[in-house]
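Before any comments, here is the structure.
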Amino acid sequence: MIIRLGELMIARSKHTMRDRLSDSSELLQRAALVMLELSRRDLSIATAESCTGGDFAALLTDVEGVSHAFDSGFVAYSDDAKIRCLGIDPKLIAEHGAVSREVAVAMADGALQRSSANFAISVTGFAGPTEEGREGDVHFALAARQDWTVGRHEKFGPLGRGTIRGLCLRVLLDMIEERLSQVND
């Protein structure tokens with residue numbers, strides 16, 4: 001179904017994330033394994049997303065039978081939403097910019113504080129072109145209760161919004177997989 005709003009056309013779909021990523025069975029399998037492992041260990045995760053617009057939460061919650069391993073998801077696209085929903089200090093955004101390691105770490109920490117999850121993961125970046133030429137500049141962070149929050153920075157380059165979002169999902173899975181491999185049962 002196509003919805004027309006003035007000059008803006010929006011495609012509306014009833015499909016799940018699995019349907020939208022049908023060309024990436026590897027990504028879907030990895031998400032299922034992550035959720036199964038979180039479930040097996042009685043752990044849960046929260047997400048704080050900006051440039052992925054909730055795609056990572058959708059990917060994780062599309063795995064059937066492990067809903068207790070997903071605590072909550074925050075989509076904080078605007079600076080104001082980052083401040084309101086995740087408790088980001090406006091001075092941090094003013095000083096470092098919304099797309100920075102500092103803000104990614106604060107987003108993960110904020111999601112962890114506002115949830116009962118054991119882990120929180122965040123992503124903030126530029127999925128599309130910018131005046132400064134920062135398309136594909138993305139920051140990630142993973143927070144764990146009673147542990148350090150770790151950050152990661154990727155410069156994917158001008159690959160297009162969809163490709164960059166897909167690469168972000170892979171990095172988010174990489175980070176969780178790596179963290180789970182470090183945590184004892």
First locate atom [atom1] of [X], then atom [atom2] of [Y], and finally report the distance between them rounded to the nearest 0.5 Å.
X      : Y      : atom1 : atom2 : value
Ser50  : Leu86  : OG    : CG    : 9.5 Å
Lys155 : Arg134 : NZ    : CZ    : 8.0 Å
Arg179 : Asn118 : CZ    : CG    : 10.5 Å
Arg40  : Leu33  : CZ    : CG    : 11.5 Å
Met175 : Leu173 : CE    : CG    : 11.0 Å
Gln29  : Leu27  : CD    : CG    : 10.0 Å

(request) Scan side-chain atoms only and decide if Ser44 and His68 contain a donor-acceptor pair under the 3.5 Å cut-off. (result) no

(message) Pairing donors with acceptors under 3.5 angstrom, does anything connect the side chains of Ser181 and Glu178?
(response)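 No, Glu178 and Ser181 have no side-chain donor paired with an acceptor closer than 3.5 Å.
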
When you group the ILVMFWY residues by side-chain heavy-atom contacts below 4.5 Å and let the links chain together, are [Y] and [X] in the same group?
X      : Y      : answer
Val150 : Val103 : no
Phe119 : Val105 : no
Leu169 : Val75  : no
Ile83  : Phe74  : yes
Ile88  : Val99  : no

Restricting to non-hydrogen atoms, name the atom on [X] and the atom on [Y] that form the minimum distance, rounded to 0.1 Å.
X      : Y      : answer
Ala32  : Val63  : CA-CG2, 3.7 Å
Met107 : Ala48  : CE-O, 3.6 Å
Thr47  : Ala57  : OG1-CB, 3.6 Å
Ile45  : Ala117 : C-CB, 3.6 Å
Asp79  : Ala98  : OD1-CB, 3.1 Å
Arg114 : Cys85  : CD-O, 3.0 Å

(request) Find out whether Thr124 and Cys51 are in side-chain contact, i.e. whether some heavy atom of one side chain is under 4.5 Å from a heavy atom of the other. (result) no

(request) Check whether any side-chain heavy atom of Ile176 lies under 4.5 Å from a side-chain heavy atom of Glu37, and answer yes or no. (result) no

Please check: side-chain N/O of [X] versus main-chain N/O of [Y], any donor-acceptor pairing under 3.5 Å?
X      : Y      : result
Lys82  : Tyr77  : yes
Ser115 : Ala111 : yes
Thr52  : Phe56  : no
Glu102 : Leu92  : no
Ser122 : Ala104 : yes
Arg145 : Leu112 : yes

Flag the pair [X] and [Y] as a salt bridge only when some basic side-chain nitrogen lies within less than 4.0 angstrom of an acidic carboxylate oxygen.
X      : Y      : answer
Glu154 : Arg152 : yes
Asp80  : Arg84  : yes
Arg161 : Glu135 : no

(request) Apply side chain to side chain contact (heavy atoms under 4.5 Å, CB included) to Arg101 and His96, showing your working. (result) CA-CA 8 Å; Arg101 180 190 187 285; His96 299 283; over 6 Å; no

(message) Does the plane of the ring in Phe156 sit parallel, tilted or perpendicular to the ring in Phe140? Use 30° and 60° as the thresholds.
(response)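 The rings of Phe156 and Phe140 stand perpendicular, inter-plane angle above 60°.
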
